[in-house]
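None of the values given here were measured: they were computed from a predicted structure. Quick note: numbers below take in every heavy atom, side chains included, and nothing from hydrogens, waters or symmetry partners. Residue numbering restarts at 1 for every chain, and letters A, B, ... go by the order of the sequence lines.
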Amino acid sequence: MRRLLLGLLIALPLAGVVAGAAGIKYAAIAGGQFRSALKYEDAPNGTRVKPFALMRMPVSNAQFLKFVERNPEWQHDKVSPVFAEQRYLSQWASATTLGDEARGDQPVTWVSWFAASAFCESIDARLPTWQEWEYVAASDETRRDARSDPAWRERILAWYSRPSSSALPRVGLQTPNVYGVQDMHGLVWEWTEDYSAMLVDGDNRKQGDADKAKFCGAGALSMDDRDNYAVLMRVAMLSSLSGADATANMGFRCARSAK
Amino acid sequence: MTRSTRNCLSTSRLLTLAMLLIAGFVFSAGVFAAGKTPPLPADSLYQLTLPLTDQAGKTADWRTRRGKPQLVAMFYTSCKFICPLIVDSGKAIERQLDAKQRQKLGILLISMDPKRDSPGALKHIVDTRKLDTSRWTLASPPQDDVRTVAGLLGIRYRLLADGEFNHSSALILLDANGRILARTEKMGTQPDPEFVAAVKQALR
């Protein structure tokens, strides 16, 4: 089945859509050279992102509910605390009921990295890498890389300055980007497969004075593009979390490799 | 009562007896199994299924290490700087223990680089560092499980373009059921006294 889907993905690049389980839709992402806003000392000229497919929208409460119905070990009252903290899915009325506080079309939040990974695995997918996420998030409605446009930055930053206490909008309200992907900005934070590759030193004063006992090798990451606050905040968030952590605004979407 | 009914009854009695026997067998088998391996505590890291291939090329789930406290760390064999220190750290902890205590502790070094850390590569470290494999195990998980086990152990890492890794280092002490008892990021030949105390406590 996976081969068939990937075959379709390659055979129908114009369609750009691959339907997955439970109404989950993917957009085909063409590969390309990419320079991260993060400073990677080992790859100063950027890296090549391979073609892949990314879910058009973040995973919704309804989709995650189906997952925990089929996989009871991921229900709030059954999950091991090593895989998800106490607040995991705490916005739901019960382990298998969404209730009034969590509508089906809202993005699922309060999910741990382990749970997000297990969800993606259950539909023969995986979490995107940070680089894949950042690559797609660099686009706007018409351009694959809109990052140098001050208007693009302003628009994204406006979301981060909004208080996070209000209820989350539903998924898919925003205009799709050039790939047909929605809600990369302005809805939720998102887990990446390699969240724990973020070796950012929390204390800026230590930058350039690598704490060698903590990070073996070439030291911690730093920002190459200091004006890209949106990316900076995402990285700071991911670097501060453990795999079992869950937060009110951390959701996810899945990806598939094109082989 | 007609003959046929009596036959029928005895048949049903036989069936009942057979069912009781089967139920009894299943029940006792259940008790036996439960006695052998009680369910894992919910907060055991062994909740994760993790097949590990060791320096001898033997693959076994890490749950087979249940029953003995474990000192766990992550490393990779081609690492030049911190990883030799991780072996030093394990040896330094062992030096704080007497012979009896040493036999009660398993030391497990899990590779973050399974693509290169074949049993041969792991064995090379075992040989050059003169590690006693009755206590030490160097092992590689499947590639797709590296980030997961690292997440459980609180280890962060990134593969660099030249094949080296940036990574955080820690020694983690697990109890006989795989629950985290203690953790230290102090590496080297001078072990963290609090951590050593926790190890000794676990081996009592």
Side-chain angles (χ1 to χ4, degrees), chain A residues 36 38 40-48 73-74 77-86 112-118 120-121 126-127 129-131 191-201 210-221 235 238-245 257, chain B residues 39-50 73-76 78-86 89 112-113 143-170 172 174 177-180 183-188 190 192:
Chain A
S36 174
L38 288 168
Y40 291 114
E41 280 167 15
D42 56 314
N45 300 315
T47 41
R48 184 135 196 103
E73 72 272 23
W74 288 104
D77 54 349
K78 296 194 179 69
V79 73
S80 159
V82 301
F83 296 137
E85 62 156 286
Q86 188 54 39
S112 68
W113 176 86
F114 291 106
S117 300
C120 293
E121 206 178 305
R126 58 175 172 81
L127 287 170
T129 63
W130 165 257
Q131 192 181 49
W191 282 112
T192 62
E193 183 274 327
D194 51 353
Y195 77 99
S196 66
M198 302 289 184
L199 303 174
V200 178
D201 201 316
D211 182 1
K212 289 195 181 70
K214 194 162 186 190
F215 301 130
C216 170
L221 287 176
V235 169
L238 289 171
S239 69
S240 71
L241 294 176
S242 300
D245 287 341
S257 306
Chain B
L40 276 173
D43 55 350
S44 168
L45 299 196
Y46 298 149
Q47 293 285 347
L48 175 73
T49 299
L50 186 71
M74 289 188 79
F75 84 121
Y76 65 106
S78 56
C79 172
K80 289 172 195 73
F81 306 105
I82 284 271
C83 304
L85 259 181
I86 291 173
S89 308
M112 63 182 80
D113 190 15
Q143 182 64 45
D144 287 351
D145 291 337
V146 177
R147 189 72 69 189
T148 313
V149 64
L152 285 183
L153 297 169
I155 302 289
R156 305 179 83 87
Y157 70 92
R158 188 168 76 85
L159 176 61
L160 304 174
D162 63 1
E164 291 279 319
F165 288 80
N166 267 1
H167 64 95
S168 60
S169 299
I172 294 108
L174 302 182
N177 279 315
R179 286 174 290 205
I180 295 180
R183 187 174 197 282
T184 181
E185 297 197 352
K186 190 174 186 305
M187 293 289 140
Q190 296 297 318
D192 180 344

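Contact of Glu193(A) with chain B is made through backbone and side chain together, with heavy-atom distances under 4.5 Å. Of the two parts of Leu85(B), neither the backbone nor the side chain holds a non-hydrogen atom closer than 4.5 Å to a non-hydrogen atom of chain A. For Leu241(A), the part lying near chain B is the backbone, with the side chain staying farther off; criterion is any non-hydrogen pair under 4.5 Å.
Counting only heavy atoms from C-beta outward, the side chains of Glu73(A) and Phe83(A) never approach each other to under 4.5 Å. Using a 4.5 Å cut-off on side-chain heavy atoms (C-beta onward), Asp194(A) and Leu159(B) make no contact.
Comparing Gly151(B), Gly188(B), Ala161(B) by heavy-atom pairs within less than 4.5 Å of chain A, the highest count is held by Ala161(B).
With Arg156(B) contributing its side chain and Ala150(B) its backbone, the two residues share no donor-acceptor pair below 3.5 Å. Remark: side-chain polar atoms of Tyr46(B) are not paired, donor with acceptor, to backbone N or O of Leu40(B) under 3.5 angstrom.
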